[in-house]
Every structure is written in structure tokens, then in C-alpha cells.
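First the structure, in the form of C-alpha cells, and then the observations on it.
Throughout, protein chains are lettered first and strands after them, A, B, ... in sequence-line order, and every chain is numbered starting at 1. Just so you know, these numbers use all the heavy atoms, side chains as well, and skip hydrogens, waters and symmetry mates.
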2 protein chains.
Amino acid sequence: MLRLTKRAEYGLTALVHLVDHSGETVSARKISEHYSLPHRLVGEALKDLCRAGFLHSERGPAGGYQLARQPGSLTVGEAVAALEGAPEGTDCEAKALVGLGYGPLGDLNVESKCLIRSPLHKIQEDIWRQFERTTIQELASPEFTLLRNERGTLQPLQTSA
Amino acid sequence: MLRLTKRAEYGLTALVHLVDHSGETVSARKISEHYSLPHRLVGEALKDLCRAGFLHSERGPAGGYQLARQPGSLTVGEAVAALEGAPEGTDCEAKALVGLGYGPLGDLNVESKCLIRSPLHKIQEDIWRQFERTTIQELASPEFTLLRNERGTLQPLQTSA
DNA sequence: CTTAATTGGCACCCGATTGGTGCTAATAGA
DNA sequence: TCTATTAGCACCAATCGGGTGCCAATTAAG
Ligand code: SF4
Ligand code: SF4
């Protein structure tokens, strides 16, 4: 129920690992052994991410992968879409308005103009919007989330205890 | 990929329908016919919601279901958990802190203290947190979302166009 | 009392999805 | 040459999920 595929999980794990080892060239085997994952599947996920242009690959011994984009600009949504496909084209009038620049981008509540009243549809939209505004940088280093919310209502936990 | 089950979809649809027909007793057949859904599955979903105590049921002809709770206090998380099960017990130290009252409830960013660095886990948590703070009232009447965000950064879309 | 329409509960089937592997080619360092 | 890697794709087996069958219990209507 409501879970990402293993392929997506492995891909995101690999991405986080590559963020943490920025600059290095890491092979699929290294990553799979580090997290005790089936190395062939990790390889498949990395291939997907490479095909999508998120990684540089190098063959041969001492080959492997590197990040090809800034981790702060690569969103979870893009990664998941590359790994297991984006949800079917959910285009409606409300969404078109966003694309045309009406209303503030990012955090606007599209639901207020939702036309087809399918609760499932709205929820899918909610999830996907969250994916598209979450970067793998935030995934790897949660402290970056605070930056994104500088204008929001979120407050860091008090560690005084 | 990353989708709710049909059972959850039908259940949420039925809940929204019951919100819109508050006070009435609506049968599974009526709902299924209204939305062109397989009526047996809608029935199964309604049974789940009834077992969870979210609905009152009445048998016999002219029987059916009614909401047993205020739609503004019944969250999507509760409904989905009853319909297709909650995610496995994701309890960690960071979450325990929330339960003990450290930090503001609701919108705090638990990730800043996340111990096990599994990106999948964080994402599941993100989604589930959103579920738990979304009520079926908001699902049925999006304008209620504005109320919830009165202190937030969200702005309603300009309908001037 | 009989009938019909509903909820309640559960088992079962079948098709789709998915986790995982096999196999082969291309690349490149030692 | 040998080996370790990526690239690509097909394929299998197990699980999951949508949907149905079946029957009992309940209750309104005739
Ligand atoms: S959920 Fe509503 S607002 Fe969002 S794309 Fe679908 S119809 Fe449009
Ligand atoms: S995602 Fe992190 S903070 Fe949330 S429950 Fe899991 S370990 Fe705890």
C-alpha cells in the first residue's frame, strides 16, 4: 500500500550516497555492498538515472557514477519519475493556470480550483507536489529543509532537553 | 507506482459523498451507481470504514451508511489506514520526541532529527504526515483548506482572469 | 409470513505488477 | 589478454490487488 518500488528506493539511496560522496566515482557494487542491497538492481536503478541525465557514468574497472547535476536542483519527483515513471498526465484547468503563471508557484493550493472532484486525484497531486519541491539535497542533509521553509511556519525542534 | 489502492479510492469517494449528504442514510449501491463504480467493492470499503467506527450502518431495505464522526476531525490518514492498513510501525527516537510534546505538534520537521538515513523512510513519513493533517472535510470542500493555512504561506488563486 | 434489499464476513481467482536474475555486448584499466 | 565495470534487454517467479461468489443476519414492505 502506498509505497515506492524497490527500484525507486534503491535509486534514491544511491543518489543520497552520491551526494555524500560528491566528486568521487562510485560503482554500483560499492553502493550495493555499503547498504546490503542486491547489486544488480542497484545497477538497474543507476542506469535509469543515467539515462535520465542525472548521472555521469564511466565504464571499465574503476568506473562508476557521479552526480551530473547540483543536488539542490534535482528533485525527488524527477528521480522517481525516471525510476518508475511519472503518474499519468493529470492535466486540468487548475493546473494549466499554474503553468501560465497565475498565482504563486510552488506552494499554492491548486485544490481550491479543482474541477474533477476525485479525492484520489487530489491526494495524488498533493504527494507529487511534495516530491517536486523536495530535492535530494534535502533528502541527504535534512538541515537544508530549514532553508526552504525560511518563510514558512516550521520551527526546528528544540534540543534543550 | 505510488498509488493508493482502489479500495482506498472508493472509500474516500464514499466518505466525500457522505459528507455532501450529511444526515442521509446512503446505501453502497447508491454510491456505486452515482460514481459508476463496482458496487461490491464500494461495499467492502464501506464495511472497512464501518468496522473502524467512522460510519454508522443500518441493515435491511432503506439501510445504508451515515457518518459517525465530524468530517472535520476525520483525517485522510485514519481513513486510508482503515482501508488499506497503515505503514509498518515507523517508530524512532525523533518521532518519540514528538509524542512526548517536544517541539510544536503538527507541522514540525521531524527530519531534522532523523536517525536512520533511509530516503524512502523519510518520504513515506512526509506523505503520511500530510495524510494525517488532511481531513475529509477539506477533501470534500477545498475552501476549508484555506482555514487550515491561515497562518501559512499559501494564497488562494486569483480568479480575476 | 414471505419477500426483497440491504449490510457483514470471508474465501477465492486471475491478471498485473514487481523484485530479481540471466545473458550478452561495449568499454577501459592493469 | 584478462577482468571489472556499465548498457541493454529479456525473462521468470512471487506477490499484490481488483473483483467476484457465497452465504448469513437484519429489516422494511407486501
Ligand atoms: S487534483 Fe484537481 S486541481 Fe489537481 S490536477 Fe486533478 S483536477 Fe486539477
Ligand atoms: S523518517 Fe526519520 S524521523 Fe521519520 S520516523 Fe523514520 S527515522 Fe524517524
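- Rounded to whole Å, the distance from NZ on B:Lys30 to C1' on C:dT7 is 15 Å.
- For the pair B:Leu83 CG and D:dC16 P, the computed distance is 18 Å after rounding to whole Å.
- For the pair B:Glu138 (side chain) and B:Thr135 (backbone), a donor-acceptor distance under 3.5 Å is present.
- Between A:Glu84 and A:Arg7, every side-chain heavy-atom pair lies at or beyond the 4.5 Å cut-off.
- Ion pairing between B:Glu132 and B:Arg129 fails under the 4.0 Å rule for side-chain N and carboxylate O.
- In this structure, A:Ile31 and A:His17 have side chains that are in contact, with non-hydrogen atoms separated by less than 4.5 Å.
- For the pair B:Arg51 and C:dG8, the criterion of a side-chain N or O lying under 4.0 Å from OP1 or OP2 is not met.
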Kindly indicate, with the supporting measurements, whether the criterion side-chain contact (heavy atoms from CB on, under 4.5 Å) is fulfilled by A:Ile123 and B:Leu12.
CA-CA 10 Å; A:Ile123 288 177; B:Leu12 290 171; 3.6 Å; yes
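- In this structure, CZ of B:Arg29 is placed 14 Å from P of C:dA4, rounded to the nearest angstrom.
- Counting any heavy atom pair closer than 4.0 Å across all strands shown, B:Gly64 reaches sugar-phosphate atoms only and no base atom.
- Pairs of Watson-Crick or G-U wobble type, with distances under 3.5 Å, assemble into runs of 3 or more in DNA chain C at these ranges: C:1-30 with D:1-30.
- Between B:Tyr65 atom OH and D:dT26 atom C1' the separation is 12 Å, expressed in whole Å.
- Checking the phosphate oxygens (OP1, OP2) of C:dG8, a side-chain nitrogen or oxygen of B:Ser57 falls inside 4.0 Å.
- Side-chain contact between B:Ser32 and B:Tyr10: absent, with no pair of heavy atoms (C-beta onward) separated by less than 4.5 Å.
- Per the geometry, NE2 belonging to A:His56 stands 17 Å off C1' belonging to D:dA7, to the nearest Å.
- Inter-residue side-chain proximity for A:Leu83 and A:Thr5 is flagged as unmet; no heavy-atom pair is nearer than 4.5 Å.
- Taken from OG1 in B:Thr134 to CG in B:Leu139, the straight-line distance is 8.0 Å, to the nearest 0.5 Å.
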Sugar-phosphate atoms are those with a prime plus P, OP1 and OP2; base atoms are the rest. Using that split, label each nucleotide of nucleotides 19-30 of chain C B, S or - for protein heavy atoms under 4.0 Å, 5' to 3'.
SBBBB--BBB--
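- The side chain to side chain donor-acceptor pair (under 3.5 Å) analysis of residues 65-74 of chain B, with sequence neighbours excluded, yields the pairs B:Thr25-B:Gln66, B:Arg69-B:Glu78.
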